[in-house]
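Data first, discussion second: the structure below is written as structure tokens.
Here is the naming used below: chain letters follow the sequence lines, and residue numbers restart at 1 for every chain.
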Amino acid sequence: MCGRFTIGEIKELITRFSIDAPIADMPRPRYNLAPTQDAPIVVRSSPNRLVMMRWGLVPFWAKDIKIGSRMINARAESVAQRPAFRVSLKERRCLVPTTGFYEWKAGDGKVPYLAKVKDEKLFAMAGLYDRWKDPSGKEVQSFTIITTAANQLMSTIHDRMPVILSREDEERWLAPGPLDEAERERMFRPYPSERMEAYPVSKRVNDISNDSAELVRPLERAQGAQWF
DNA sequence: CCAGACGTTGTT
DNA sequence: GTCTGG
DNA sequence: CCAGACGTTGTT
DNA sequence: GTCTGG
């Protein structure tokens with residue numbers, strides 16, 4: 001699955017994802033971004049726009065924003081059927097730009113591993129978003145990350161991982177209008193194992209500051225952590 | 001018909 | 001809003 | 001996802 | 001054990 005991630009390389013975000021509209025407030029890097037926090041999200045808006053959204057999709061019909069904390073991921077296998085995601089899958093797809101995501105390896109405690117795409121500082125996870133109005137009428141935009149089966153590398157850590165889109169699929173994913181099932185199945189396949197890397201970064205994820213890149217590097221081999 | 005859920009993961 | 005369960 | 005709380009009343 | 005907040 002995907003329960004936390006990092007977003008650095010903020011300057012490169014704009015060119016990497018062809019952001020067109022001027023950015024009033026450039027996002028700051030986050031190295032330990034958790035559910036309910038705001039993340040920079042790429043949506044299609046002739047061509048692309050960067051919007052800060054809350055992690056955890058709050059469906060437009062929700063009565064309480066709290067429902068979002070249970071909607072941080074959507075299974076690729078069932079997303080088309082789920083009432084909370086169906087409409088967004090057809091009409092409100094987005095990219096979740098990231099420099100790496102965490103997965104926890106069960107065993108001797110739970111060790112957070114940081115997974116990345118080799119040779120790509122920034123990559124995109126497949127996301128859905130929605131707009132919701134709180135009781136005072138204030139609009140909240142929120143998103144979820146689609147998950148799929150783990151590839152060979154990631155399955156040594158956990159059995160699920162986020163859907164990572166190839167560069168070619170990024171524009172297709174953002175294009176308006178529904179995608180047919182064959183197209184979705186192709187895009188939802190686990191990203192190739194050989195193009196990824198993963199390493200443990202800390203004993204406890206909350207020891208990693210959201211604001212500092214300092215701790216987002218591998219633990220030493222001597223600590224007995226597994227390397228790839 | 002109304003009422004209540006609407007989600008994923010891991011663990012047992 | 002829409003589906004499911006009762 | 002993890003970390004941390006998990007409760008009510010009355011008084012200041 | 002389970003919920004809430006981040």
Distance alone, cut at 3.5 Å: any donor-acceptor contact between the side chains of A:D134 and A:S136? yes

Students often get this wrong, so: under 4.0 angstrom with heavy atoms, is A:I72 touching a base, only sugar-phosphate, or nothing? base

Checking side-chain polar atoms at under 3.5 Å, does A:N206 have a donor or acceptor matched by the opposite partner on A:R4? yes

Correct closest heavy-atom pair for A:Y113 and A:A198 would be CD2-C, 4.5 Å

Of the candidates C:dG1, E:dT4, C:dT2, the side chain of A:F60 sits closest to C:dG1

Report yes or no: is the ring centroid of A:W104 under 5.5 Å from the six-membered base ring centroid of D:dC2, with the two planes under 30 degrees? no

A:I67 side chain: which of E:dG6, D:dC2, B:dC6 is closest? B:dC6

Presence of A:R204 side-chain N/O under 4.0 Å of D:dA3 phosphate oxygens OP1/OP2: yes

Whole-Å distance, A:D159 CG to D:dC1 C1', equals 14 Å

Measuring from A:C94:SG to A:M53:CE, what's the distance to the nearest 0.5 Å? 5.5 Å

When rounded to the nearest 0.5 Å, the distance separating CG of A:L128 from CD of A:E91 is 11.5 Å

Protein-nucleotide distance (A:W61, atom CH2; C:dG1, atom P), rounded to Å: 11 Å

Touch class at under 4.0 angstrom, heavy-atom based, for A:P35 against every strand present: base

If you compare every side-chain N and O of A:R75 against the phosphate oxygens of B:dG7 (OP1, OP2), does one of them come in below 4.0 Å? no

Measure from the side chain of A:T36, starting at C-beta and using heavy atoms only, and say which of C:dT2, B:dT9, E:dG6 lies closest. E:dG6

Distance check needed: C:dT2 P versus A:L89 CG, whole Å only. 16 Å

Figure out the OH/P separation between A:Y102 and D:dC2, and round it to whole Å. 13 Å

Can you find a side chain N or O atom of A:S78 that sits less than 4.0 Å from OP1 or OP2 on B:dT8? yes

Figure out the CD1/P separation between A:I157 and D:dC1, and round it to whole Å. 15 Å

Distance, rounded to the nearest Å, where A:M71 contributes CE and B:dT8 contributes P: 8 Å

Which whole-number value in Å describes the distance from A:D38 CG to E:dG6 P? 13 Å

Flag side-chain contact, heavy atom, 4.5 Å: A:R54 against A:T36: yes

Gap in Å between the two P atoms, one belonging to E:dC3 and one to B:dC6, rounded: 13 Å

Could you please name the partner base of B:dG7, counting Watson-Crick and G-U wobble pairs only when both distances are under 3.5 Å? none

Quantified in whole Å, what is the P atom distance between nucleotide B:dT12 and nucleotide E:dT2? 12 Å

Distance below 4.0 Å between A:R54 side-chain N/O and E:dG6 OP1 or OP2: no

Residue A:R86, side-chain heavy atoms: nucleotide from E:dG5, D:dC2, C:dC3 that is nearest: C:dC3

For A:R70 and B:dA5, what is the distance between atoms CZ and P respectively, to the nearest whole Å? 9 Å

A:A34 near the nucleic acid: base, sugar-phosphate alone, or nothing, with a heavy-atom cut-off under 4.0 Å? base

Counting any heavy atom closer than 4.0 Å, what does A:A74 reach on the DNA or RNA strands: base, sugar-phosphate only, or nothing? sugar-phosphate

Side-chain N,O (A:T147) to OP1/OP2 (B:dT9) below 4.0 Å: yes

Take atom CD in A:E181; do more than 12 heavy atoms of anything else shown fall under 6.0 Å from it? no

Spacing of the C1' atoms in B:dT8 and D:dC2 (rounded, Å): 15 Å

Determine which nucleotide pairs with D:dC2, using a 3.5 Å limit on both distances of a Watson-Crick or G-U wobble pair. E:dG5

Using atom P of each nucleotide, how far apart are E:dG6 and B:dG7 to the nearest Å? 25 Å

At under 4.0 Å, does any side-chain N or O of A:K110 touch on OP1 or OP2 of D:dC2? yes

Quick one: label A:F5 by what it contacts on the DNA or RNA (base, sugar-phosphate, nothing), any heavy atom closer than 4.0 Å. nothing

